[in-house]
> 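Structure incoming, see below.
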Amino acid sequence: MEILQDLNPAQQDAVRHVEGPLLILAGPGSGKTRVIVHRIAYLIEHEGVEPRRIMAVTFTNKAAKELRDRVAALLGDMAGSLQLGTFHAICARILRIEGEAAGIDRAFAIYDDADQVSLMKGVLAELAVDPRKFAPRAILATISRAKSELATPAGFSAGVRDYFGEVASRAYARYQTLLEENNGLDFDDLIMRTVTMFRQNDSLLQKYQQRLLHVMIDEFQDTNIAQYVLARQFAGGHGNICVVGDPDQSIYSWRSADIRNILNFERDYPGAKTVLLEQNYRSSQNILDTAHAVIVGNESRKEKTLWTEQGAGAQIQVHEAYDDLEEADLVAAEVKALLSKRTHRSGDIAVMYRTNAQSRALEEALLREQVRYRLVGGTRFYARKEVKDLLAYLRLVHNPVDRVAFERVVNVPPRGIGEKTLDELERWSESLDLAPFAALELLAEDRQPPRPHRLAARAETALLGFHELLSGLIGSSRDRPVGELLSALLEQIGYRAFLLNEFEEDGEERWENVQQLLTLAAEYDGLTPEASLPQMLEDVALVAPSDEYNEQADSVTLITLHAAKGLEFPVVMIVGMEDGVLPHMRSFDDPVQMEEERRLCYVGMTRAKERLYLMRAFRRRLMGSSLRNPPSRFLKDVPPELIDARRPGRDEERESRYREPSLARMRPGGGAAGGRTLVPSEAAFAAGDHVRHERFGDGVVVSCMVTSDDQEVTVAFGNGSGVKKLLLSYAPLEKV
DNA sequence: CGCCGTACGGTTTTT
DNA sequence: CCGTACGGCG
């Protein structure tokens, strides 16, 4: 493939602009990745820039990998030395190399969500704060926001205005101290510490500014303040900064992404060139028009019109189901219908939803219908208990002061170190101002140190046993790569036997996960022993578990709308098109958040190339209770003339109008595709009306509830059928 | 100390 | 509804 070939004039414009700031406002499907790829290739081929002097920051590691592959397709292995990655991965790399000068121990651990919560719980206990009044996660979210705005504990406390802030401020200070004692960095620290390191060390910054001649940032609408400042630092010398984004696809403000970064780019970088990419190469016109009709509902946005040279394409399919289970059946039925027509393969189809919890019903339905699927995200591999435990061991080997890791594994498998013993050890180690493991070291070296603690002989032996295990591993980590280290560990703690014993039901499955981790670890055995362990730990913390091995496998993708950003599929089905789900109920009282929900819907719709299905359920179970959600307000924005007027589902099923959901689900073949009759908006029955039902016989109406487009009739039937809630559009009820 | 029972609270979205 | 957190017992 030739550079610049097959690019439209606007795209070529973007590729050719190599000096100074460049803002690319790229609509969905406008070939922005192509532009980035060609721009990188152009810089290398035409401008003679060395690949290692080009940095491209992506939103996910997967996107970085794709970028590398596509540049490699143009230029061959020159692509190898490009600086590619997420902000987090790039910062972690820089801090490993340069951090020592800024007081960061090379062996730092990266604290994930669960580690942070565990640390925060300890902090709240210490501060005597009731975790039910101030949720650890809420406090962590506040701290995260502060860090993403580069606020230190002192800086944050200066801006505190209410009691929650006051508590958060004290928690932040203590949390940060603990983090530092543990030699741990959380995700926000990776960015913030890099920025502050560069601020304090100008010659170091200059070194990087001179090394990096070009900085490119993708998904710029989703960067936060700290990332913005970092980008500015990188580009400070030469000013060659190219940012690519789309304000309409900003969906991460909850993670402190600041849309002003892209809106104010031209102001912050005077002389910046702006390129608009508005031609869409992905979706049919009908899909674009639908997405556009939704996004124009946002007040605060600059109008931009997407257009395509492709035809109108198929109409939008809007389907309605009784409940979430039937919705899932509907999805499975539609998927099977598409597959049986042989126009699409499973891999062409994605089902998207607002919350991860929605994936469950879908999984079950697809499993039942024997449709291959691939769940993106979900319960992550690295979040499994057995995997986390083993990783905590490895973390501890690498960074023995990591208290969170220590506490996690000190008694796994059980070796007689209970709460009491741990308490005692902690009190003692704290009095010595040492990490628990360092205190054990002392205990092991000399059995008569000054120790104002009372440990039972048995407990002491257990602790010494743990110390011996760990110091042995630390010793061998110097000359054995991580794969070998891990298998030695498994052997020594008898982990297989432990799993099979402890978890009779799913012990085998857990052991398989362990073996998968072992396979993964073995991939690092090619590195030097010292490099392999930290590299693996870093990848595990920052690189999402790779679906690569089954990426080729032909299967339906189940994915959240957030995670679908940047992807495309011939067929997209968005489920849960209900007020309360999409838009999520948590955004009802905040117009700003509501606009983000709208953008999220827009992002989902614009993933579709050929066919777009919008599904909703009348009723949805959530945490035990059952909700009745009205149709999504976004659904109402879809132009009616673009909606496929044909009734969904197969013909023969439309015949029988009655469908009791639970029975429909159990029927072989799912058969939940729903035909609906029009329902009057006034109550069809009044309480006390006598009615007759095909199957349940005669009954008396208890109530009749009118919803946005249906009615739920509660009827007390005689002869043992009891009280039933029925949907008017499904149930064949007649007045007697 | 570890096992087993019950009560409770939690799910928006992720690097 | 489901996983986890705590309390009582062996």
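Just the heavy atoms: all of them, side chains too, but no hydrogens, waters or symmetry mates, feed the values below. Quick caveat: nothing in here was measured; it's all calculated off a predicted structure. Numbers restart at 1 for each chain; the letters A, B, ... are given by sequence-line order, proteins then strands.
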> Students often get this wrong, so: under 4.0 angstrom with heavy atoms, is F59(A) touching a base, only sugar-phosphate, or nothing?
sugar-phosphate
> Closer to the 5' end of DNA chain B via nearest nucleotide, is it T60(A) or R137(A)?
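The 5'-side residue here is R137(A).
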> Within residues 245-254 of chain A, find the residues that approach DNA chain B with a heavy atom at under 4.0 Å, and present them sorted by residue number.
Y252(A), W254(A)
> Among all residues two or more places apart in sequence or in another chain, which pass the ring-ring contact (aromatic ring centres under 6.0 Å, His included) test with F437(A)?
H467(A)
> Examine the side chains of R619(A) and S626(A) and answer whether a donor and an acceptor come within less than 3.5 Å of each other.
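Note: R619(A) and S626(A) side chains meet the donor-acceptor criterion.
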> Hydrogens and angles aside, do E219(A) and T58(A) bring a side-chain donor and acceptor to less than 3.5 Å of each other?
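There is no such pair (donor and acceptor under 3.5 Å, judged by atom type) between the side chains of E219(A) and T58(A).
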> For the backbone of D248(A) and the side chain of R599(A), can you confirm whether one donor and one acceptor N or O come within less than 3.5 Å of each other?
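Side chain of R599(A) to backbone of D248(A), a donor-acceptor pair under 3.5 Å: no, none is there.
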> Among dT15(B), dT11(B), dT14(B), which nucleotide has an atom closest to any side-chain atom of H88(A)?
dT15(B)
> Using heavy atoms to find the nearest nucleotide of DNA chain B for L422(A) and D113(A) separately, return the residue whose nucleotide is more 5′.
L422(A)
> Who passes ring-ring contact (aromatic ring centres under 6.0 Å, His included) against H88(A), sequence neighbours left out?
F187(A)
> Categorize S587(A) for me: base, sugar-phosphate, or nothing, with a 4.0 angstrom heavy-atom threshold over every strand shown.
nothing
> Between Q176(A) and K147(A), do the side chains contain a donor N or O and an acceptor N or O under 3.5 Å apart?
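Note: K147(A) and Q176(A) side chains meet the donor-acceptor criterion.
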> Rounded off to whole Å, could you give me the CD-to-P distance for the E596(A) and dT14(B) pair?
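Taking atom P of dT14(B) as the reference, CD of E596(A) is at 13 Å.
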> Mind checking what makes side-chain hydrogen bond (donor to acceptor under 3.5 Å, both in side chains) contact with R232(A), not counting sequence neighbours?
none
> Judged by modelled atom types alone, do N261(A) and T223(A) share a side-chain donor-acceptor pair under 3.5 Å?
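The criterion, which ignores hydrogens and geometry beyond distance, is satisfied for T223(A) and N261(A).
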> Report, as a single string ordered 5' to 3', how protein heavy atoms within less than 4.0 Å touch nucleotides 1-10 of chain C: B base, S sugar-phosphate only, - not at all.
BS--S-----
> Which value, rounded to the nearest 0.5 Å, describes the distance between E595(A) atom CD and N298(A) atom CG?
3.5 Å
> Rounded to whole Å, please give me the gap between NZ in K65(A) and P in dT15(B).
17 Å
> Could you give the CE-to-C1' distance, from M352(A) to dT13(B), as a whole number of Å?
15 Å
> Roughly, in whole Å, what's the span from CE in M192(A) to C1' in dT15(B)?
18 Å
> I need the CD-C1' distance between E597(A) and dT13(B), as an integer number of Å.
8 Å
> Which atom pairs link the protein and nucleotides 2-5 of chain B when you take only N or O atoms and keep those under 3.5 Å?
{"residue": "dG2(B)", "atom": "OP1", "partner": "G416(A)", "partner atom": "N", "Å": "3.3"}
{"residue": "dG2(B)", "atom": "OP2", "partner": "N411(A)", "partner atom": "ND2", "Å": "3.1"}

> Can R598(A) be said to sit on top of F634(A)'s aromatic six-ring, NZ or CZ under 6.0 Å from centre and within 45° of the ring axis?
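Pair R598(A)/F634(A) does not count as cation-pi.
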> In whole Å, I'd like the distance from the CG atom of L567(A) to the P atom of dT14(B).
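After rounding, the gap between these two atoms is 12 Å.
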> What is the distance from CZ of R145(A) to C1' of dT15(B), rounded to the nearest Å?
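Taking CZ of R145(A) and C1' of dT15(B), I get 15 Å after rounding.
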> Could you check F59(A) against Y252(A) for ring-ring contact (aromatic ring centres under 6.0 Å, His included), going step by step and ending with a plain yes or no?
CA-CA 11 Å; F59(A) 192 75; Y252(A) 279 93; 4.7 Å; yes
> For the side chain of F187(A), counting heavy atoms from C-beta on, which of dC1(B), dT15(B), dT13(B) is nearest?
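That would be dT15(B).
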> Just say parallel, tilted or perpendicular for the rings of F466(A) and Y393(A), cut-offs at 30° and 60°.
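Plane angle between 30° and 60°, so tilted.
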> Indicate, with a heavy-atom threshold strictly under 4.0 Å, whether Q227(A) touches base, sugar-phosphate, or nothing.
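No contact.
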> CG of D186(A) versus C1' of dT14(B): gap in Å, rounded?
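So the CG-C1' distance, D186(A) to dT14(B), works out to 14 Å.
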